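Each remark here refers to the structure printed beneath this line.
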Amino acid sequence: MKVSRGLIFVCWLASALMVHGAKVPELYQSLCASCHGKEMEGGLGSSLVDGEWIRSGDVDEIAAVIREGMPDRGMPAFGESLSEEEIRGLVIFIQEKEAGANPIAGPTPVGDEVFESKKESFRLETIVDDLELPWSLKKLPDGQWLVSERGGRLLLIDPTSGERVAVEGIPEVYANGQGGLLDIGIPPNFEKTGWVYLSFSDPGSDGESSLTAIVRGRIQGGQWTGEEVVFRADEEFYRRGRVHFGCRLVFVGDYLYFSIGDRGAMDQAQDLSRPNGKIHRIFADGTIPPDNPFVDEPGAFPTIWTYGNRNPQGLAYDEVTGLLWETEHGPRGGDELNLIEKGLNYGWPLVTYGMNYNGTPMVARTSMPGMVDPVTYWTPSLAVCGLVMYRGEAFPNWNGSLLSGSLAKQQLRRLEMKDDELIEQELIVDHLGRLRDVFVDEDGIVYLLTNGPGRIVRMSPAE
Ligand code: HEC
C-alpha cells in the first residue's frame, strides 16, 4: 500500500507540473483520476460521486480538501500547484459528475397520463401542438391563447376549435440564435385597455446587431394596431452576437419589470451605463419611475433596477409576499434563483458557481461583500426557464411554491418557499421536452409550453 501510494504520488507530481492552463476535465484526469478513478468511482481515494463525504458535501469544504489535502488519509494538498480558479473548476466538475451519477427522482406514473408527486397528483395532456419554438404563453380573459414563437409569429389560438391565426403587423424581429420574438405581457388593466406587450430582439439598422426592446399594441381582427414603443435603447447599445437577450415581462401594479441578458458581453453586466445584464423597472407606459435606484447617478441607465444578472429567463412576482423572484442561466454550472431587490448587485461575472462552457476555470469566488448570493443555485445547469409563483386552487398543496421550467434538463421543478427561503425542492415533471414557459390560469390549472415538440401541455388535478 505504502509503495503504490508513493509511486502514484511521484507520477502525480510529474503531471502536476505540466497542467497549468488546462481544462478542468483534463486537470482531473491528469491529477486526480489515478486515485479517484476515471469516472470518480473511487480507487485508492474515495468515490467522489457516491453522495458521501468525509467532512460535508458543502462546496467550500470540498474546495478546502483539494487545497489543503487530508495528509493523514493520503489525500495530497493541491493548494500550491493549482490556482483558486482551478480548484473551483474541479469542485464544479465533481458536482456535475455527482449529479449525473445520482439523478433525482421524478414523478411516479400511476396510470395513463396520471402522475403522483409528493404533495399532489396530476394529469398531463397536450392541448395544442405543432408550435415552432414557442417562447411565451398567455391566456386572454376570453379564453383564447396567445403564444409567441421565437421565429417571429404571434399566434392567437382558439381553445375549443384549435383554430389559430398569426397576428399580422407585429414588429420585425432579429430571429437569430437565442434572439427573436420573446415574451408576451398582459397588464392587470387589460380588460379596460386592451394592451398586449411584446418583448423581442430588435434588429439594429445594420441588420446584424440587436437588443431587447418592448412595444405594446392591441389585437383587433387578427391585426396588431396602435403600436407604442415602451422600451427601446439607443442603437449605440445594440450588439452583434446571438445570445442572452432576457427578456421576461412582469407587471406589478403600475410598474413593468423586465430582464435583459448580458448579450454575451459579461463585463457589461457590472456597467451601469449599459442596459444589458440587468433587471429594469419602468411604468407600464414606458416612463421612468423617479424613485428608480440609479436615476440620479450621472451616466447610469435610469431604468435599471438591479445589475450583475447574466441571462434572466424567469421572473415572477408573488402577490402574497410582495417578493420578486428571478431565475437566470449560469455559464457551465451556477444557474441561480435570486430574490430581486432594488439597486442590488447580483455579482455576474465577478462571482459565480459556474465555469466556462469549454471547461476552463472562471473565477475563484462564489460570493463577495456587496454582492447578493443566490437563494439557491444549480450545478450542473438546468438552463432554468419560465417561472411562476403558484397561488391557485387546483393544487392547494403547492401554494407558495415557485414552479420553474428547464430547457436543458427538460424538467419542471417545484421550489417550496417560506418567505425568502427555499425549504424544499422537488422534480415534478420530467422529459416532456425543453420547458420554456409556465402559465397558471385563474383556476390554478398549470400550462407548460415546450419546445421539441412545440406544444402546450395542461397539468390538472388527477381526480
Ligand atoms: C495520491 C492519491 C490521490 C490523489 C492524486 C488525489 N486524491 Fe483525493 N483523496 C485521496 C484519498 C486517499 C482520500 C481520502 C479517502 C478516504 O479516506 O476515504 C481523498 C479524498 C478526497 C476528497 C474528499 C472525499 C470525501 O469523501 O470527503 C476529495 C474531494 C478529493 N480527494 C478530491 C481530489 C481531487 C479533486 C484530486 C485532484 C486534484 C485528488 N483528490 C487527488 C487520494 C488522492
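What you see is a predicted model, and the numbers here were worked out from it, not measured in a lab. All ligand and atom numbering here is 1-based and tracks the order in the structure.
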Taking the basic N atoms (NZ, or NE/NH1/NH2) and the acidic carboxylate oxygens, is any pair closer than 4.0 Å for [X] and [Y]?
| X | Y | result |
| --- | --- | --- |
| E120 | R414 | no |
| R332 | E96 | yes |
| K118 | E424 | yes |
| R310 | E328 | no |
| D437 | R248 | yes |

Query raised in the report: Quick check: does M75 put an N/O/S atom under 2.8 Å from atom 8 (Fe) of ligand 1?
Result: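 A backbone or side-chain N, O or S atom of M75 is under 2.8 Å from atom 8 (Fe) of ligand 1.
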Report task. May I ask you to check if R458 and Y447 form a cation-pi contact, with NZ or CZ under 6.0 angstrom from the six-membered ring centre and within 45° of the axis? Result -> no
Query - Heavy-atom nearest neighbour of atom 22 (C) of ligand 1 within options L90, I66, I62, V65 - result: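 Checking each option, the heavy atom nearest atom 22 (C) of ligand 1 is found in V65.
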**Report entry** Nearest candidate to atom 4 (C) of ligand 1, where distance is taken over non-hydrogen atoms, out of S34, G57, C35
**Finding:** C35
With heavy atoms of [X] as the reference, note each atom of ligand 1 found under 4.0 Å away.
| X | value |
| --- | --- |
| L44 | 12 (C) |
| E52 | 26 (O) |
| G45 | 10 (C), 11 (C), 12 (C), 42 (C) |
| C32 | 34 (C), 35 (C), 36 (C), 37 (C), 38 (C), 39 (C), 41 (C) |
| S46 | 15 (C), 18 (O), 24 (C), 26 (O) |

Can you tell me which portion of [X] lies within the under-4.0 Å heavy-atom range of ligand 1? Options are side chain, backbone, both, or neither.
| X | result |
| --- | --- |
| L27 | neither |
| W53 | both |
| H36 | side chain |

Report task. Please say which of L435, L337, L382 ends up in a side chain to side chain contact (heavy atoms under 4.5 Å, CB included) with R413. Result ->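 Only match with R413 under side chain to side chain contact (heavy atoms under 4.5 Å, CB included): L382.
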Query raised in the report: Parallel, tilted or perpendicular: which describes the rings of F122 and F115, with under 30° parallel and over 60° perpendicular?
Result: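 Correct class here is parallel.
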Report task. Flag I54 as yes when one of its N or O atoms lies below 3.5 Å from any N or O atom of ligand 1, and as no otherwise. Result -> yes
